[in-house]
Structures are given as structure tokens and as C-alpha cells.
Participant: 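Submitted below is the structure of interest, expressed as C-alpha cells.
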Amino acid sequence: MNPMSPEELIIKAERAIESAKLLHEAGDVDGACNRAYYAMFDAAKAALIATVPTIDPTIGKTHSGLISAFGLHMV
């Protein structure tokens, strides 16, 4: 499977945010938090791929790896 492009990841993140809003409105706070987390995860991955030319596009293989790479390159 080919890694997703930054544009595809942002679309995925936007979809996850919309899902989070619906779940929150339905009273499912845990589900809303899950979708919001993955929206941030996909947006962070998109930012890394778009701005760091040497980044491995499979960086999101582990959550801790993505968080570390984001902190190293983006913060």
C-alpha cells in the first residue's frame, strides 16, 4: 500500500473531526476523543511529510515515532 499524500491525510483528518463533532453531539465523549486524536495524528503526519523532505512517509507506523518526529522537526 502506498503512503498517503499530505493532501489525502488532511482530508482524512477533516473527516475525523466531523465524526468527532457528531459523536460529541450524540453524547459519546470517548468516541469523540478517539476521532479527535486521529485527526491530530493525521494532520501532524501531513505536516511532517509536506515540510520535511527527508522524512520517511511511513513515519506514522508508531504513535511514539510520529510524536517524536513532530517534536524534533516541527516544534
Side-chain angles (χ1 to χ4, degrees):
M1 181 177 209
N2 291 333
M4 295 178 89
S5 71
E7 295 80 14
E8 292 169 320
L9 287 163
I10 291 298
I11 290 168
K12 187 177 175 190
E14 289 170 344
R15 214 172 27 244
I17 282 295
E18 290 306 314
S19 295
K21 290 176 184 177
L22 291 171
L23 288 165
H24 185 262
E25 289 169 6
D28 183 356
V29 175
D30 289 341
C33 288
N34 177 277
R35 293 291 79 216
Y37 174 86
Y38 278 98
M40 291 184 289
F41 184 88
D42 289 331
K45 187 173 179 181
L48 281 167
I49 293 170
T51 60
V52 182
T54 58
I55 202 81
D56 180 355
T58 62
I59 188 67
K61 202 172 230 179
T62 67
H63 292 240
S64 61
L66 179 69
I67 292 165
S68 294
F70 191 86
L72 179 67
H73 297 285
M74 304 298 289
V75 177

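Keep in mind that the numbers below use all heavy atoms, side chains included, and drop hydrogens, waters and symmetry copies.
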Participant: Using the rule that two of Ile, Leu, Val, Met, Phe, Trp, Tyr join whenever any of their side-chain heavy atoms come within less than 4.5 Å, decide whether Met4 and Tyr37 are in one cluster.
Facilitator: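 Yes, Met4 connects to Tyr37 through the hydrophobic network.
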Participant: Nearest 0.5 Å, please: how far is CG in Leu48 from CG in Asp56?
Facilitator: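 Taking CG in Asp56 and CG in Leu48, the distance rounds to 11.0 Å.
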Participant: Starting at CZ of Arg35, measure out to CG of Asp28 and round the result to the nearest 0.5 Å.
Facilitator: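 It comes to 11.0 Å.
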Participant: Any non-hydrogen side-chain atom of Thr51 less than 4.5 Å from a side-chain atom of Met74?
Facilitator: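 A side-chain contact under 4.5 Å exists here.
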Participant: Return the minimal non-hydrogen interatomic distance between Ala13 and Ala43, and the atom names on each side.
Facilitator: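 Result for this residue pair: CB-N, 4.1 Å.
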Participant: Any side-chain heavy atom of Glu18 within less than 4.5 Å of one from Arg15?
Facilitator: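 Contact flag for Glu18/Arg15 side chains = no.
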Participant: If you look at every heavy atom in Pro6 and Ala46, which pair is closest and at what distance?
Facilitator: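 Smallest heavy-atom distance, with atoms named: O-CB, 3.6 Å.
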Participant: Count I, L, V, M, F, W, Y as connected when their side-chain heavy atoms are under 4.5 Å apart, and connections chain through other members. Are Phe41 and Ile17 then in the same cluster?
Facilitator: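 Unlinked, Phe41 and Ile17 end up in two clusters.
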Participant: Measuring from atom NE2 of His24 to atom OG of Ser19, what distance do you get when rounded to the nearest 0.5 angstrom?
Facilitator: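 Between His24 NE2 and Ser19 OG, I get 14.5 Å after rounding to 0.5 Å.
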Participant: Any donor-acceptor pair under 3.5 Å linking the side chain of Thr58 with the backbone of Lys61?
Facilitator: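 Answer holds: no.
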Participant: Does one hydrophobic cluster hold both Val75 and Met40, with members joined at side-chain heavy-atom distances below 4.5 Å?
Facilitator: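 No, separate clusters.
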Participant: In terms of hydrophobic clustering (I, L, V, M, F, W, Y; side-chain heavy atoms under 4.5 Å; direct or indirect links), are Ile11 and Tyr38 co-clustered?
Facilitator: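 No; Tyr38 is not reachable from Ile11 via cluster members.
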Participant: Nearest 0.5 Å please: distance from the CG atom of Leu9 over to the CG atom of Asp42.
Facilitator: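 Leu9 CG to Asp42 CG: 5.5 Å, rounded to 0.5 Å.
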